[in-house]
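Since we're looking at a predicted model, the values are computed, not measured.
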Amino acid sequence: TPTSPSGSRLVDPIFEPIMSDLVEFTELPIALPLEIGEEFDGLAATLLDVDKDSYGIILGFGECTGGTACRVGSIDAIALDNIDYDIEADGVPLPLPGRRTGYFFDAACGANCSDGFIRWIDSDVVYSVGLKAARVDDVLPFAWATIRGDLTNTPTAPDRCIGATTPDEGRAAQVAPRRNITWLLICSEDGVVAEVIAGRSELEWLDIDGDSSRDIVLTNEGGQSRLFLVSPMSVQPVLDNETFTRLTVGDMRCGDTDDDGFTEILDAVDGARMEFINQLLVDRSTLVDDVRSLPTCLN
């Protein structure tokens, strides 16, 4: 077990079986938590791959190589020089220890669920930690522990709503700044769901998916918008940077332009060309002659 000069342990015991190979085969600074919490008791760490410029670790039941049935989480590192993509694209920024900025990426669920994960840069290395189907309030303590070594003073999401704003069918939404992180809270009698949002925002409600219940548009102070679909006790972010990072609520027009029974959101900024969100899909191939003739989305 790696130890400090004082003899104290440097990593959680779950990682002890893989440490010798990690130390031998990678040249990257190894970032692992000193402790990762009781929820990981009984799991094992599998070193999925390792070389001088990267390593990948799976946390799961038994010797798991990433299959959805056994995988619980993951820890990855890769040298920044080997990255050929924008590590910030579509991520939600949030503060991490040591004035670092991390980026949260939501899990995608279909037949199986991917990891919700947080990615950050440290010493020219891109690190990421993730948990299967996790929300940001689950992954954030894991990221803090990986950077700081333990779970002391890690930020936690608000667990209750004070009063109610914009109630809709038993739900309410609030924006709650806490420890330099701004949270969107969806509140109901069953509990609270929290999502990180980037900066102070104002809530606007509209029905954009044709289910007759109102959804949320967050309009940022700078005139940018981020869209959330709200269903009972779930928050689904819809991120399309080419559209929603440059639209205000007033630029969004609504109408059923393809007669499928669902309302689309139309991008009215560039006139005839539209980009719409419908059933969580983005379609940029449809054209509308006069987007401005359609009503605005706000009720």
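One hydrophobic cluster holds both F142 and V125 under the rule that ILVMFWY side chains link at heavy-atom gaps under 4.5 Å. Cluster annotation: V126 and W120 are assigned to distinct hydrophobic clusters (Ile/Leu/Val/Met/Phe/Trp/Tyr, side-chain heavy-atom contacts under 4.5 Å, transitive). When the side chains of ILVMFWY residues are joined at heavy-atom separations under 4.5 Å, either directly or via intervening members, I87 and I147 end up in two distinct hydrophobic clusters. No single ILVMFWY cluster, assembled from side-chain heavy atoms under 4.5 Å apart, contains both V23 and L48. If you chain together hydrophobic residues whose side chains sit under 4.5 Å apart, I197 and F117 never meet in one group.
Atom CD of E35 is separated from atom CZ of R148 by 10.5 Å, given to the nearest 0.5 angstrom. For the atom pair CG of L131 and OG of S74, the computed distance is 7.5 Å after rounding to the nearest 0.5 Å. A distance of 11.0 Å separates SG of C70 from CG of L59, quoted to the nearest 0.5 Å. The CG atom of D53 lies 14.5 Å from the CZ atom of F25; values are rounded to the nearest 0.5 Å. Rounding to the nearest 0.5 Å places CG of L140 at 4.5 Å from CD1 of I118. Between the CD1 atom of I18 and the CD1 atom of I30 there is a distance of 8.5 Å, given to the nearest 0.5 Å.
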* To do: Would you please test D137 and V193 for side-chain contact (heavy atoms from CB on, under 4.5 Å) and show each step?
  => CA-CA 9 Å; D137 50 313; V193 173; over 6 Å; no
* To do: Start with the C-alpha distance between K52 and L28, add both sets of side-chain angles, then the distance that settles side-chain contact (heavy atoms from CB on, under 4.5 Å), and finish with yes or no.
  => CA-CA 7 Å; K52 68 182 184 66; L28 299 181; over 6 Å; no
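Of all heavy-atom pairs between P158 and A176, the closest is CG-CB, 4.3 Å. Minimum interatomic distance between L47 and L22 (heavy atoms only, all atoms of both residues): CD1-CD2, 3.9 Å. Here the closest non-hydrogen pair linking T154 and P141 is OG1-CB, 4.0 Å. Across D12 and I36, no two heavy atoms sit closer than the pair OD2-N, 3.3 Å. Residue A31 comes nearest to I75 through the heavy atom pair O-CG2, 4.2 Å, listed as atom of the first residue, atom of the second, then distance. Closest approach of G102 and L96 over heavy atoms only: CA-CD1, 3.5 Å.
Under the 6.0 Å distance and 45° angle rule, R119 counts as a cation-pi partner of F105.
A donor-acceptor pair under 3.5 Å links the side-chain atoms of R100 to the main chain of P97, judged by distance alone.
Using a 4.5 Å heavy-atom threshold, the side chains of V139 and V129 count as touching. Looking at heavy atoms from C-beta onward, V50 lies out of side-chain contact with E24 at the 4.5 angstrom threshold. Considering only heavy atoms from C-beta on, D81 stays 4.5 Å or farther from I83 through its side chain. Taking 4.5 Å as the limit, every side-chain heavy atom of T182 sits out of range of all side-chain heavy atoms of V196. Annotation: side chain of W183 is in contact with side chain of R178 (closest heavy-atom distance under 4.5 Å). Contact annotation: the side chain of V92 never approaches that of Y103 to less than 4.5 Å [non-hydrogen atoms, C-beta and beyond]. P33 has its side chain out of reach of F40: every pair of non-hydrogen atoms, C-beta onward, lies at least 4.5 Å apart. For the pair E63 and T46, the minimum side-chain heavy-atom distance is below 4.5 Å.
Every pair passing salt bridge (Lys or Arg N to Asp or Glu O under 4.0 Å) that includes a residue from residues 66-77 is listed here, sequence neighbours excluded: R71-D115.
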